Amino acid sequence: MKVAVVGIGAVGSAACRFLAEAGHTVVGFERFTIGHGMGSSHGESRIIRYAYPEAHYTQLMGQAYPLWDALEQAAGEELFVRCGGLFFAPKNHPELTSMQQALAVNGVAHQLLSAAEVAERYPALVLAEGEQAIWQSDAGFLRAGAVVRAQARLARAAGAELRENIVIESLEELESFDHVIVCAGAWTNTLFPESPLPLTVTRQQVTYLSGELTGYPVWIDAESYWYGFPSDGRIAGVKLARHIPQVPFAPDQPDRPTLTSDDDAARAYAATRFPSLGPEVTHHASCLYTNTPDESFVFDHPRPKTTRVSACSGHGFKFSILMGRLAADSATK
Ligand SMILES: Cc1cc2nc3c(=O)[nH]c(=O)nc-3n(C[C@H](O)[C@H](O)[C@H](O)COP(=O)(O)OP(=O)(O)OC[C@H]3O[C@@H](n4cnc5c(N)ncnc54)[C@H](O)[C@@H]3O)c2cc1C
(Lines give C-alpha, C1' and ligand atoms only; values in the text may rest on other atoms or scores of the structure.)
Protein backbone atom coordinates (compact mmCIF):
# COMPACT_ATOMS: atom_id res chain seq x y z
CA MET A 1 0.00 0.00 0.00
CA LYS A 2 1.01 3.62 -0.48
CA VAL A 3 0.60 5.57 2.76
CA ALA A 4 1.20 9.26 3.53
CA VAL A 5 2.08 10.32 7.07
CA VAL A 6 1.56 14.00 7.92
CA GLY A 7 3.79 15.09 10.81
CA ILE A 8 7.01 13.32 11.77
CA GLY A 9 7.05 13.81 15.52
CA ALA A 10 6.81 11.04 18.10
CA VAL A 11 3.76 9.32 16.60
CA GLY A 12 4.55 10.01 12.94
CA SER A 13 8.12 8.75 13.09
CA ALA A 14 6.89 5.55 14.74
CA ALA A 15 4.16 5.07 12.11
CA CYS A 16 6.64 5.65 9.26
CA ARG A 17 9.03 3.09 10.72
CA PHE A 18 6.38 0.40 11.24
CA LEU A 19 4.89 0.92 7.76
CA ALA A 20 8.26 0.88 6.00
CA GLU A 21 9.46 -2.17 7.91
CA ALA A 22 6.25 -3.98 6.88
CA GLY A 23 7.13 -3.31 3.23
CA HIS A 24 4.67 -0.53 2.44
CA THR A 25 5.46 2.54 0.35
CA VAL A 26 5.63 5.42 2.83
CA VAL A 27 6.01 9.13 2.32
CA GLY A 28 6.23 11.25 5.49
CA PHE A 29 5.80 15.02 5.47
CA GLU A 30 7.23 17.31 8.15
CA ARG A 31 6.72 21.08 8.22
CA PHE A 32 10.06 21.67 9.98
CA THR A 33 13.19 19.51 10.13
CA ILE A 34 12.95 16.16 11.93
CA GLY A 35 13.77 16.63 15.62
CA HIS A 36 12.80 20.34 15.64
CA GLY A 37 11.84 22.19 18.83
CA MET A 38 8.50 23.75 17.76
CA GLY A 39 6.15 20.85 18.57
CA SER A 40 5.75 18.44 21.47
CA SER A 41 8.50 15.84 21.18
CA HIS A 42 11.85 17.60 21.59
CA GLY A 43 14.18 17.61 24.57
CA GLU A 44 16.02 15.03 26.61
CA SER A 45 13.36 13.28 28.62
CA ARG A 46 9.75 12.14 28.98
CA ILE A 47 8.54 10.01 31.88
CA ILE A 48 7.54 6.43 31.10
CA ARG A 49 5.56 4.51 33.73
CA TYR A 50 2.94 1.90 34.39
CA ALA A 51 1.71 3.85 37.42
CA TYR A 52 -1.51 5.67 36.45
CA PRO A 53 -4.67 6.37 38.43
CA GLU A 54 -6.59 4.95 35.44
CA ALA A 55 -6.16 1.18 35.06
CA HIS A 56 -6.68 1.26 31.28
CA TYR A 57 -3.53 3.36 30.83
CA THR A 58 -1.56 0.91 32.97
CA GLN A 59 -2.88 -1.89 30.79
CA LEU A 60 -2.02 -0.07 27.54
CA MET A 61 1.53 0.45 28.78
CA GLY A 62 1.81 -3.32 28.86
CA GLN A 63 1.63 -3.14 25.05
CA ALA A 64 3.92 -0.11 24.75
CA TYR A 65 6.85 -1.35 26.87
CA PRO A 66 7.87 -4.22 24.52
CA LEU A 67 7.78 -1.80 21.57
CA TRP A 68 10.18 0.56 23.37
CA ASP A 69 12.51 -2.31 24.19
CA ALA A 70 12.50 -3.44 20.56
CA LEU A 71 13.10 0.11 19.29
CA GLU A 72 16.07 0.55 21.58
CA GLN A 73 17.58 -2.69 20.32
CA ALA A 74 16.98 -1.83 16.68
CA ALA A 75 18.43 1.65 17.13
CA GLY A 76 21.51 0.41 18.97
CA GLU A 77 21.55 3.36 21.35
CA GLU A 78 20.20 4.14 24.80
CA LEU A 79 16.71 5.59 24.38
CA PHE A 80 15.12 4.44 27.64
CA VAL A 81 16.78 5.14 31.00
CA ARG A 82 15.34 2.60 33.47
CA CYS A 83 15.81 4.48 36.73
CA GLY A 84 12.51 3.58 38.45
CA GLY A 85 9.76 5.95 39.54
CA LEU A 86 8.43 7.41 42.76
CA PHE A 87 4.88 8.74 42.97
CA PHE A 88 4.02 10.56 46.18
CA ALA A 89 1.15 12.38 47.90
CA PRO A 90 -0.46 12.71 51.32
CA LYS A 91 -1.49 9.33 52.80
CA ASN A 92 -4.71 7.91 51.29
CA HIS A 93 -4.70 10.50 48.51
CA PRO A 94 -7.26 9.31 45.90
CA GLU A 95 -4.73 9.44 43.03
CA LEU A 96 -2.23 7.32 44.93
CA THR A 97 -4.92 4.86 45.99
CA SER A 98 -6.17 4.54 42.38
CA MET A 99 -2.60 4.11 41.12
CA GLN A 100 -2.02 1.30 43.58
CA GLN A 101 -5.23 -0.38 42.50
CA ALA A 102 -4.37 0.02 38.80
CA LEU A 103 -0.94 -1.54 39.35
CA ALA A 104 -2.39 -4.39 41.41
CA VAL A 105 -5.18 -5.17 38.93
CA ASN A 106 -2.63 -5.32 36.12
CA GLY A 107 -0.17 -7.43 38.12
CA VAL A 108 2.60 -4.80 38.15
CA ALA A 109 4.94 -5.18 41.13
CA HIS A 110 5.33 -2.07 43.27
CA GLN A 111 6.04 -1.02 46.84
CA LEU A 112 4.42 1.47 49.19
CA LEU A 113 7.02 3.51 51.07
CA SER A 114 6.65 5.74 54.10
CA ALA A 115 8.23 9.19 54.21
CA ALA A 116 10.99 7.78 56.43
CA GLU A 117 11.74 4.96 53.96
CA VAL A 118 11.91 7.46 51.10
CA ALA A 119 14.30 9.62 53.17
CA GLU A 120 16.55 6.62 53.72
CA ARG A 121 16.70 5.72 50.01
CA TYR A 122 16.66 9.24 48.56
CA PRO A 123 17.94 11.73 51.13
CA ALA A 124 17.80 14.69 48.72
CA LEU A 125 13.99 14.38 48.47
CA VAL A 126 11.89 15.71 51.35
CA LEU A 127 8.48 14.15 52.02
CA ALA A 128 6.36 15.43 54.90
CA GLU A 129 5.54 12.98 57.67
CA GLY A 130 1.97 12.47 56.48
CA GLU A 131 3.00 11.65 52.93
CA GLN A 132 3.79 8.30 51.33
CA ALA A 133 5.07 7.05 47.99
CA ILE A 134 4.62 4.26 45.48
CA TRP A 135 7.88 2.91 44.11
CA GLN A 136 7.73 1.15 40.73
CA SER A 137 10.92 -0.18 39.18
CA ASP A 138 9.89 -0.22 35.48
CA ALA A 139 9.46 3.56 35.33
CA GLY A 140 12.13 5.82 33.93
CA PHE A 141 12.55 8.26 31.08
CA LEU A 142 12.66 8.13 27.30
CA ARG A 143 15.20 10.28 25.47
CA ALA A 144 12.50 12.06 23.48
CA GLY A 145 14.42 13.88 20.75
CA ALA A 146 16.69 10.89 20.21
CA VAL A 147 13.63 8.61 19.91
CA VAL A 148 12.17 10.70 17.08
CA ARG A 149 15.50 10.85 15.25
CA ALA A 150 16.11 7.10 15.70
CA GLN A 151 12.64 6.16 14.42
CA ALA A 152 13.07 8.44 11.41
CA ARG A 153 16.51 6.95 10.70
CA LEU A 154 15.14 3.39 10.89
CA ALA A 155 12.15 4.32 8.71
CA ARG A 156 14.47 5.72 6.04
CA ALA A 157 16.71 2.67 6.27
CA ALA A 158 13.62 0.52 5.59
CA GLY A 159 12.76 2.58 2.51
CA ALA A 160 10.50 5.39 3.75
CA GLU A 161 10.77 8.73 2.00
CA LEU A 162 10.67 11.46 4.64
CA ARG A 163 10.30 14.98 3.27
CA GLU A 164 11.24 17.85 5.57
CA ASN A 165 10.28 21.53 5.46
CA ILE A 166 7.01 20.76 3.66
CA VAL A 167 3.67 21.95 5.01
CA ILE A 168 0.61 19.95 3.96
CA GLU A 169 -2.04 22.66 3.70
CA SER A 170 -4.96 20.40 2.84
CA LEU A 171 -5.55 16.65 2.72
CA GLU A 172 -6.78 17.04 -0.88
CA GLU A 173 -3.07 17.26 -1.78
CA LEU A 174 -2.68 13.60 -0.78
CA GLU A 175 -5.51 12.01 -2.77
CA SER A 176 -3.11 9.78 -4.72
CA PHE A 177 -2.33 7.78 -1.55
CA ASP A 178 -4.23 4.65 -0.48
CA HIS A 179 -4.37 5.96 3.09
CA VAL A 180 -3.32 9.09 4.98
CA ILE A 181 -2.28 9.11 8.64
CA VAL A 182 -2.44 12.57 10.21
CA CYS A 183 -0.35 12.94 13.36
CA ALA A 184 0.13 16.68 13.27
CA GLY A 185 0.13 17.31 17.03
CA ALA A 186 -0.76 20.93 17.83
CA TRP A 187 -1.73 21.56 14.17
CA THR A 188 -4.24 18.68 13.98
CA ASN A 189 -7.33 20.87 13.62
CA THR A 190 -5.88 22.88 10.71
CA LEU A 191 -6.24 19.78 8.53
CA PHE A 192 -9.83 18.97 9.50
CA PRO A 193 -11.80 22.21 9.10
CA GLU A 194 -14.99 20.15 8.55
CA SER A 195 -14.59 18.03 11.70
CA PRO A 196 -12.51 19.92 14.28
CA LEU A 197 -11.94 18.42 17.73
CA PRO A 198 -12.16 20.26 21.07
CA LEU A 199 -8.37 20.62 21.33
CA THR A 200 -6.58 23.34 23.29
CA VAL A 201 -2.91 23.95 22.62
CA THR A 202 -0.86 25.32 25.52
CA ARG A 203 2.78 26.34 26.03
CA GLN A 204 4.46 24.41 28.82
CA GLN A 205 7.85 25.14 30.31
CA VAL A 206 10.51 22.89 31.79
CA THR A 207 13.27 24.24 34.02
CA TYR A 208 16.66 22.76 34.93
CA LEU A 209 18.05 23.94 38.26
CA SER A 210 21.69 23.71 39.26
CA GLY A 211 22.73 20.62 41.18
CA GLU A 212 22.86 16.91 40.61
CA LEU A 213 20.58 13.96 41.36
CA THR A 214 22.43 10.88 40.22
CA GLY A 215 20.92 7.48 41.04
CA TYR A 216 17.48 9.01 41.60
CA PRO A 217 14.19 7.94 40.01
CA VAL A 218 11.71 9.99 38.02
CA TRP A 219 9.06 11.34 40.36
CA ILE A 220 5.55 12.79 40.36
CA ASP A 221 3.91 14.71 43.17
CA ALA A 222 0.34 13.45 42.70
CA GLU A 223 -1.09 16.28 44.79
CA SER A 224 0.47 19.30 43.06
CA TYR A 225 1.35 17.72 39.67
CA TRP A 226 4.99 18.80 39.82
CA TYR A 227 7.22 16.11 38.36
CA GLY A 228 10.89 15.66 37.62
CA PHE A 229 13.87 13.62 36.62
CA PRO A 230 17.28 12.57 37.87
CA SER A 231 20.34 14.12 36.22
CA ASP A 232 19.99 13.06 32.58
CA GLY A 233 23.69 12.93 31.74
CA ARG A 234 23.25 15.33 28.82
CA ILE A 235 22.10 18.72 30.16
CA ALA A 236 23.62 20.20 33.32
CA GLY A 237 21.24 20.55 36.26
CA VAL A 238 18.04 18.80 37.26
CA LYS A 239 14.78 19.06 35.29
CA LEU A 240 11.37 19.73 36.80
CA ALA A 241 8.03 20.94 35.48
CA ARG A 242 4.36 21.07 36.35
CA HIS A 243 1.66 19.07 34.58
CA ILE A 244 -1.02 21.77 34.58
CA PRO A 245 -2.10 23.13 31.18
CA GLN A 246 -1.15 26.81 30.86
CA VAL A 247 -2.84 29.52 28.79
CA PRO A 248 -3.80 28.73 25.17
CA PHE A 249 -1.05 29.27 22.61
CA ALA A 250 -1.22 29.49 18.80
CA PRO A 251 1.24 26.96 17.33
CA ASP A 252 1.97 29.17 14.31
CA GLN A 253 3.68 31.75 16.53
CA PRO A 254 7.30 31.94 15.39
CA ASP A 255 8.87 31.30 18.79
CA ARG A 256 8.38 29.24 21.96
CA PRO A 257 9.04 31.79 24.71
CA THR A 258 10.26 30.89 28.19
CA LEU A 259 9.01 32.84 31.21
CA THR A 260 10.90 33.92 34.32
CA SER A 261 7.71 33.37 36.34
CA ASP A 262 7.74 29.66 35.37
CA ASP A 263 11.37 29.34 36.46
CA ASP A 264 10.49 31.10 39.74
CA ALA A 265 7.66 28.62 40.39
CA ALA A 266 10.02 25.68 39.77
CA ARG A 267 12.60 27.20 42.11
CA ALA A 268 9.98 27.69 44.86
CA TYR A 269 8.77 24.09 44.56
CA ALA A 270 12.32 22.69 44.54
CA ALA A 271 13.19 24.68 47.66
CA THR A 272 10.67 22.61 49.63
CA ARG A 273 11.24 19.18 47.99
CA PHE A 274 14.88 19.23 46.90
CA PRO A 275 16.61 21.82 49.10
CA SER A 276 20.05 20.70 47.90
CA LEU A 277 19.35 22.02 44.40
CA GLY A 278 20.66 25.49 43.68
CA PRO A 279 18.58 28.44 42.48
CA GLU A 280 20.44 28.91 39.17
CA VAL A 281 18.55 27.98 36.03
CA THR A 282 20.98 25.94 33.93
CA HIS A 283 18.54 25.39 31.06
CA HIS A 284 14.89 25.96 30.23
CA ALA A 285 12.67 25.32 27.24
CA SER A 286 9.05 25.43 26.14
CA CYS A 287 7.03 22.80 24.39
CA LEU A 288 3.38 22.40 23.34
CA TYR A 289 0.63 20.34 24.94
CA THR A 290 -2.37 19.51 22.73
CA ASN A 291 -5.11 18.99 25.30
CA THR A 292 -8.37 17.09 24.96
CA PRO A 293 -11.03 17.85 27.59
CA ASP A 294 -10.47 14.56 29.43
CA GLU A 295 -6.73 14.14 28.66
CA SER A 296 -7.39 11.08 26.53
CA PHE A 297 -5.90 10.50 23.08
CA VAL A 298 -7.36 10.94 19.62
CA PHE A 299 -7.69 7.99 17.26
CA ASP A 300 -10.43 8.18 14.66
CA HIS A 301 -11.28 8.18 10.96
CA PRO A 302 -13.00 11.51 10.20
CA ARG A 303 -12.68 11.06 6.40
CA PRO A 304 -12.48 7.99 4.16
CA LYS A 305 -8.99 6.40 3.99
CA THR A 306 -7.77 8.68 6.76
CA THR A 307 -6.58 8.03 10.32
CA ARG A 308 -6.32 10.99 12.71
CA VAL A 309 -4.14 10.27 15.71
CA SER A 310 -2.73 12.37 18.51
CA ALA A 311 -0.85 11.24 21.59
CA CYS A 312 -1.86 14.40 23.26
CA SER A 313 -2.55 16.09 26.56
CA GLY A 314 0.91 16.14 28.01
CA HIS A 315 1.24 12.48 28.86
CA GLY A 316 1.35 10.87 25.45
CA PHE A 317 5.00 10.30 24.67
CA LYS A 318 5.16 6.96 26.48
CA PHE A 319 2.20 5.80 24.32
CA SER A 320 3.38 7.38 21.06
CA ILE A 321 5.11 4.23 19.77
CA LEU A 322 1.93 2.23 20.37
CA MET A 323 -0.20 4.91 18.70
CA GLY A 324 2.16 4.80 15.70
CA ARG A 325 1.89 1.02 15.60
CA LEU A 326 -1.95 1.10 15.78
CA ALA A 327 -2.14 3.85 13.14
CA ALA A 328 0.08 1.83 10.80
CA ASP A 329 -2.09 -1.25 11.37
CA SER A 330 -5.33 0.66 10.79
CA ALA A 331 -3.99 2.16 7.55
CA THR A 332 -3.05 -1.19 6.07
CA LYS A 333 -5.61 -3.66 7.40
C1 LIG B 1 6.72 20.00 28.49
C2 LIG B 1 6.16 18.67 28.12
C3 LIG B 1 6.38 17.60 28.95
C4 LIG B 1 5.86 16.35 28.65
N5 LIG B 1 6.13 15.31 29.48
C6 LIG B 1 5.72 14.06 29.14
C7 LIG B 1 6.11 12.95 29.94
O8 LIG B 1 6.84 13.10 30.92
N9 LIG B 1 5.67 11.72 29.56
C10 LIG B 1 4.89 11.53 28.47
O11 LIG B 1 4.53 10.38 28.19
N12 LIG B 1 4.51 12.57 27.69
C13 LIG B 1 4.92 13.82 27.99
N14 LIG B 1 4.59 14.89 27.21
C15 LIG B 1 3.68 14.69 26.07
C16 LIG B 1 4.37 14.17 24.82
O17 LIG B 1 5.63 14.77 24.65
C18 LIG B 1 3.45 14.39 23.62
O19 LIG B 1 2.21 13.76 23.90
C20 LIG B 1 4.02 13.81 22.34
O21 LIG B 1 5.33 14.26 22.13
C22 LIG B 1 3.13 14.17 21.18
O23 LIG B 1 3.67 13.64 19.98
P24 LIG B 1 2.96 13.92 18.60
O25 LIG B 1 3.65 13.07 17.60
O26 LIG B 1 1.48 13.79 18.76
O27 LIG B 1 3.22 15.48 18.29
P28 LIG B 1 4.53 16.17 17.71
O29 LIG B 1 5.74 15.46 18.13
O30 LIG B 1 4.44 17.63 17.94
O31 LIG B 1 4.42 15.89 16.13
C32 LIG B 1 3.55 16.56 15.27
C33 LIG B 1 4.37 16.89 14.05
O34 LIG B 1 3.55 17.27 12.96
C35 LIG B 1 4.19 18.30 12.24
N36 LIG B 1 3.16 18.94 11.44
C37 LIG B 1 2.05 19.55 11.93
N38 LIG B 1 1.27 19.99 10.92
C39 LIG B 1 1.89 19.63 9.77
C40 LIG B 1 1.57 19.82 8.38
N41 LIG B 1 0.44 20.44 8.02
N42 LIG B 1 2.43 19.36 7.45
C43 LIG B 1 3.59 18.73 7.82
N44 LIG B 1 3.94 18.54 9.12
C45 LIG B 1 3.09 18.96 10.08
C46 LIG B 1 4.80 19.14 13.33
O47 LIG B 1 5.81 19.99 12.87
C48 LIG B 1 5.31 18.07 14.29
O49 LIG B 1 6.64 17.70 14.00
C50 LIG B 1 5.09 16.16 27.47
C51 LIG B 1 4.88 17.23 26.61
C52 LIG B 1 5.42 18.48 26.92
C53 LIG B 1 5.17 19.61 25.98
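Fair warning: this is a prediction, and the values are worked out from it, not measured in the lab. For ligands, and for the atoms within them, numbers begin at 1 and follow the listed sequence. Nothing fancy with the numbering, it's 1 onward along the sequence.
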Subject >> Aromatic ring proximity, centroids under 6.0 angstrom, H93 and F88 >> reply: no
Original post:
Are F274 and Y269 an aromatic pair by the rule of ring centers under 6.0 Å?
Top reply: no
Modelled atom types, side-chain donor and acceptor of [X] and [Y], under 3.5 Å:
X    : Y    : answer
K318 : Y52  : yes
T188 : S310 : no
E30  : H36  : yes

Subject >> Closest candidate by heavy atom, reference atom 17 (O) of ligand 1, pool M61, R46, R256 >> reply: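 Ranked by closest heavy atom to atom 17 (O) of ligand 1, first place is R46.
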Does any N or O atom in [X] lie less than 3.5 angstrom from one in ligand 1, N or O only?
X    : result
E30  : yes
C287 : no
G314 : yes

How far is [atom] from the closest protein heavy atom, and which atom is that?
atom                    : value
atom 42 (N) of ligand 1 : I168 N, 3.0 Å
atom 30 (O) of ligand 1 : S40 N, 3.0 Å
atom 19 (O) of ligand 1 : A311 O, 2.4 Å
atom 21 (O) of ligand 1 : S41 OG, 2.7 Å

Heavy-atom contacts under 4.0 Å between [X] and ligand 1: side chain, backbone, both, or neither?
X    : value
S313 : neither
H36  : side chain
R31  : both

**OP:** Side-chain contact test, heavy atoms from C-beta onward, threshold under 4.5 Å: evaluate it for L103 versus Q136 and give yes or no.
**Re:**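 Yes, side chains in contact.
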Original post:
So is Y227 in contact with ligand 1, going by heavy-atom distances below 4.0 Å?
Top reply: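 Yes, Y227 has a heavy atom closer than 4.0 Å to ligand 1.
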**OP:** Show which atoms of ligand 1 fall inside a sub-4.0 Å distance from at least one heavy-atom site of G316.
**Re:**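 Close to G316: 10 (C), 11 (O), 12 (N), 15 (C), 19 (O).
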Subject >> Residue pairs, two or more places apart or on separate chains, that pass side-chain hydrogen bond (donor to acceptor under 3.5 Å, both in side chains) and touch residues 6-16 >> reply: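 Residue pairs with at least one partner in residues 6-16: S13-Q151.
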